[in-house]
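All values derive from a computational prediction rather than experimental measurement.
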Amino acid sequence: MNKNNNVLFINDGLNRILEENVVSFHMPGHKNGKIYNKLKYTNILENLYKTDTTEIPGTDNLHSPEDIIKNSILKAQRVFNSGKTYYLINGSTCGIEAAIMAVCSPKDKLILSRDSHQSAVNGCILGDITPIYIKSQIDKYTNIQRGNLLEDVKSSISENKDARAILLTYPTYYGITFELEEMIKYAHDNGLIVIIDEAHGAHLGLSEKLPRTALECGADIVIQSTHKTLPAFTQSSMMHISEEAIETQRVDNDRIEKMLKMTETSSPSYILMQSLEIAVDIYEKYGKELMEELIDNINKFKLRIEKISEDIHRECTNKLENKNLEFFNIYNEDDLTKVFISSLEVGLTGYEFEEILRKEHNIQVELSNYSGALMITTIGNEKEDFEKLEKALVEIYKKSLLEERKKIEPVDYPYEIIPQMSLTPREAFYSRKKKNVKIEDAIGMICGENIVPYPPGVCMIAAGEIIPKEIMNYLKYCKQKGMEITGVKDSNFEYIQVIDSI
Ligand SMILES: Cc1ncc(COP(=O)(O)O)c(C=O)c1O
């Protein structure tokens with residue numbers, strides 16, 4: 001720690017956050033550990049140092065579990081109704097990469113949604129697999145990812161009869177679901193193995209009011225970030241294989257296990273494994289009741305916001321200065337635990353809205369895009385969290401009025417455009433013929449790196465693809481407005497790596 005010259009270290013940053021007592025509408029799902037205290041799972045918190053162990057007599061081994069880890073996993077398997085479950089200690093990232101490499105061999109084709117997480121593209125790089133992208137839908141006004149259309153999935157499968165597997169993201173980061181069951185049936189009828197990235201849906205089985213789980217829809221391999229939406233520590237995830245996929249030998253468990261040994265650490269954290277076990281226990285014993293409470297809190301919050309909007313609308317007719325603004329709009333469909341609040345009506349981009357919430361109201365959202373901000377709520381959130389959010393929204397609106405802000409028009413997300421692939425992700429990744437060019441000059445060249453707005457961590461242009469003007473213009477504009485772009489060497493996004501020549 002070096003307080004004199006203001007260099008802050010990790011410890012300082014984390015202590016600051018502790019002091020701020022931030023209201024969490026972001027992951028991890030345990031929401032600053034509040035749920036552990038509430039349900040009296042305090043052992044994990046009190047004995048953190050002592051239970052940080054490695055493989056010694058009595059602690060079993062994640063990569064060949066025979067004792068306590070096996071029992072814990074068997075319980076998870078029963079609770080999540082899977083044929084075989086794996087605890088993942090390097091997040092869903094390692095599970096997605098392992099699943100892709102387990103079902104596909106080098107040069108195989110994998111059909112995947114364009115909104116796939118970067119780990120899916122990385123899985124293709126590692127396994128030398130050729131991605132075939134399916135267009136994913138984005139809402140024009142909110143820029144919310146809406147997943148895939150059945151007709152797009154069907155035509156991609158029909159046009160790629162030689163593909164080995166299909167990978168879809170269900171639900172999307174924003175909680176939107178789609179006709180997954182029909183897609184899976186069509187994929188199976190055409191001999192494909194179905195991998196579902198359910199990173200944002202580990203909690204779906206907790207209520208009839210939520211969409212069906214990917215396993216219920218018939219998926220073969222499902223990867224869930226337990227840490228995102230259930231009370232588990234960051235990085236703790238699970239992979240489930242369906243009973244049917246095992247019985248029909250559509251999925252080879254032995255290959256999955258070999259790939260997990262490659263993508264996962266050989267020293268898995270017992271604290272993370274313990275937190276997975278606790279998440280399963282909470283899910284089974286208290287999950288349904290807490291989920292009912294959460295949905296009730298969200299519904300009441302929405303009703304209060306609706307009432308405020310109506311009152312403001314009524315005032316509008318009398319007061320001239322209000323006519324430039326409306327109140328925030330709430331989007332909450334399919335997975336009701338995801339609450340997107342659009343801020344354009346209040347004269348703020350989502351990036352500005354996120355910053356104001358954090359700096360002036362101690363509220364941390366999960367992510368912002370140009371149009372608004374996404375709240376991830378979980379069974380770890382309390383009624384008071386929603387009350388604080390409501391209060392903040394009213395104050396921000398009043399401030400916007402004083403500042404005489406005006407409604408902002410949405411930006412057009414060029415989701416229709418899937419860049420043409422010139423080199424496979426692996427060929428592009430390993431190419432030594434890369435050079436930096438100014439982004440204005442990069443249009444039409446072969447991209448040398450993955451361009452990934454973060455969050456949501458989806459590649460807008462992958463390495464090996466021809467750089468389209470429309471996507472570049474969108475990225476440039478949003479970057480100026482506050483979007484964070486990862487995957488690129490120049491984080492200022494003035495230069496980009498392209499492939500010099502083939
Ligand atoms: C859709 C999706 N899949 C996979 C991942 C990776 O999950 P993890 O952080 O558990 O590795 C993320 C992370 O944000 C994601 O949004």
Side-chain angles (χ1 to χ4, degrees), residues 14-42 44-45 175 203 206-207 209-210 227-234 275 278-279 282-283 285-312 327-332 335-343 346 348 350 353-368 372-399:
L14 293 180
N15 283 338
R16 262 192 183 181
I17 288 181
L18 283 182
E19 280 162 22
E20 281 175 26
N21 201 11
V22 172
V23 177
S24 166
F25 285 109
H26 60 96
M27 45 183 96
H30 59 69
K31 307 289 173 178
N32 308 329
K34 277 191 298 191
I35 193 166
Y36 300 130
N37 288 322
K38 178 172 155 185
L39 301 176
K40 310 239 176 324
Y41 287 84
T42 42
I44 190 165
L45 307 175
H203 60 293
L206 286 179
S207 171
K209 294 173 187 151
L210 299 178
H227 66 99
K228 294 192 200 298
T229 63
L230 287 174
F233 285 3
T234 299
S275 96
I278 289 175
I282 293 178
Y283 184 102
K285 291 193 182 136
Y286 310 100
K288 289 200 163 140
E289 193 188 322
L290 290 175
M291 184 53 79
E292 274 307 306
E293 259 176 49
L294 173 67
I295 294 176
D296 188 48
N297 284 334
I298 294 170
N299 284 339
K300 287 185 177 143
F301 166 76
K302 282 193 302 186
L303 281 176
R304 294 196 302 267
I305 295 297
E306 214 172 283
K307 166 93 177 44
I308 295 170
S309 299
E310 278 169 16
D311 291 349
I312 284 170
F327 199 62
F328 294 90
N329 257 323
I330 312 283
Y331 295 80
N332 178 232
D335 175 3
L336 301 174
T337 68
K338 304 289 188 305
V339 180
F340 183 84
I341 305 180
S342 81
S343 54
V346 185
L348 296 167
F353 176 42
E354 171 174 2
E355 200 177 322
I356 294 171
L357 275 175
R358 178 60 196 277
K359 285 201 176 143
E360 297 175 22
H361 301 275
N362 263 356
I363 293 173
Q364 181 58 54
V365 307
E366 172 59 22
L367 65 83
S368 55
L374 175 71
M375 318 285 141
I376 289 193
T377 73
T378 72
I379 56 173
N381 279 107
E382 311 271 354
K383 192 167 132 231
E384 296 76 54
D385 297 341
F386 294 95
E387 288 166 357
K388 283 184 187 152
L389 179 59
E390 177 191 337
K391 190 164 167 268
L393 295 184
V394 172
E395 283 175 23
I396 295 171
Y397 170 76
K398 285 186 180 158
K399 201 166 164 212

| query | Do side-chain atoms of Thr378 reach the backbone of Gly29 as a donor and acceptor pair under 3.5 angstrom? | reply | yes
| task | Using atom types as modelled and distance alone, determine if a side-chain donor or acceptor of Ser343 lies under 3.5 Å from a backbone N or O of Leu348. | result | yes
| query | Tell me, do Val339 and Thr377 make a side-chain contact under 4.5 Å, heavy atoms counted? | reply | yes
| request: Supply the atom-to-atom distance Phe328 CZ to Glu390 CD, rounded to the nearest 0.5 angstrom. | output: 12.0 Å
| remark: Phe233 meets the ring pair (Phe, Tyr, Trp, His ring centres under 6.0 Å) criterion, sequence neighbours left out, with His30, Tyr36
| remark: Heavy atoms of Pro28 and Ala232 approach each other most closely as CB-O, 3.8 Å
| query | At their closest point, which heavy atom of Ile282 faces which heavy atom of Pro231, and how far apart are they? | reply | CD1-CG, 3.8 Å
| task | May I ask you to test the Phe340-Met375 pair for a side-chain heavy-atom distance under 4.5 Å? | result | no
| query | Roughly how far, to the nearest 0.5 Å, is the CD atom of Glu366 from the NZ atom of Lys228? | reply | 7.5 Å
| task | Answer yes or no: is there a donor N or O on one side and an acceptor on the other, between the side chain of Asn37 and the main chain of Thr42, under 3.5 Å? | result | no
| request: Would you mind checking if Lys31 and Glu382 are paired as a salt bridge, meaning a charged N to carboxylate O distance below 4.0 Å? | output: no
| remark: CG of Leu290 to CG of Leu39, rounded to nearest 0.5 Å, is 6.0 Å
| Side-chain donor-acceptor contact under 3.5 Å, Asn332 with Lys338 | no
| query | How many angstroms lie between atom OG1 of Thr229 and atom CD1 of Ile379, to the nearest 0.5 angstrom? | reply | 9.0 Å
| query | Given side chains that start at C-beta, do those of Phe301 and Ile330 come closer than 4.5 Å, heavy atoms only? | reply | yes
| Hey, are Lys388 and Asp385 close enough for a salt bridge, meaning a charged N less than 4.0 Å from a carboxylate O? | no
| query | For Val365 and Leu357, what are the C-alpha separation, side-chain angles and deciding distance, and is it a side-chain contact (heavy atoms from CB on, under 4.5 Å)? | reply | CA-CA 8 Å; Val365 307; Leu357 275 175; 3.5 Å; yes
| said: Can you tell me how far apart NE2 (His361) and CD1 (Ile356) are? Round to the nearest 0.5 Å. | reply: 7.0 Å
| Does Ser207 reach the side chain of Lys288, with side-chain heavy atoms less than 4.5 Å apart? | no
| said: In the structure I gave you, are the side-chain heavy atoms of Leu210 and Ile295 within less than 4.5 Å of one another anywhere? | reply: yes
| query | Among Lys399, Lys398, Lys391, whose salt bridge (charged side-chain N to carboxylate O under 4.0 Å, His left out) with Glu395 holds? | reply | Lys391
| Heavy-atom side-chain proximity of Leu393 to Ile341 below 4.5 angstrom | yes
| note | Those residues at least two apart in sequence (or on a different chain) that pass salt bridge (Lys or Arg N to Asp or Glu O under 4.0 Å) with Lys40 are none
| field | Side chain proximity check, Lys302 to Asn299, heavy atoms < 4.5 angstrom | value | yes
| query | Does any donor atom in the side chain of His203 or Thr337 lie under 3.5 Å from an acceptor atom in the other side chain? | reply | yes
| task | Mind checking the CD1-CG spacing from Ile305 to Asn329? Nearest 0.5 Å is all I need. | result | 10.5 Å
| Between Glu387 and Arg304, is there a salt bridge with N-O shorter than 4.0 Å? | no
| field | Side chain proximity check, Phe25 to Leu374, heavy atoms < 4.5 angstrom | value | no
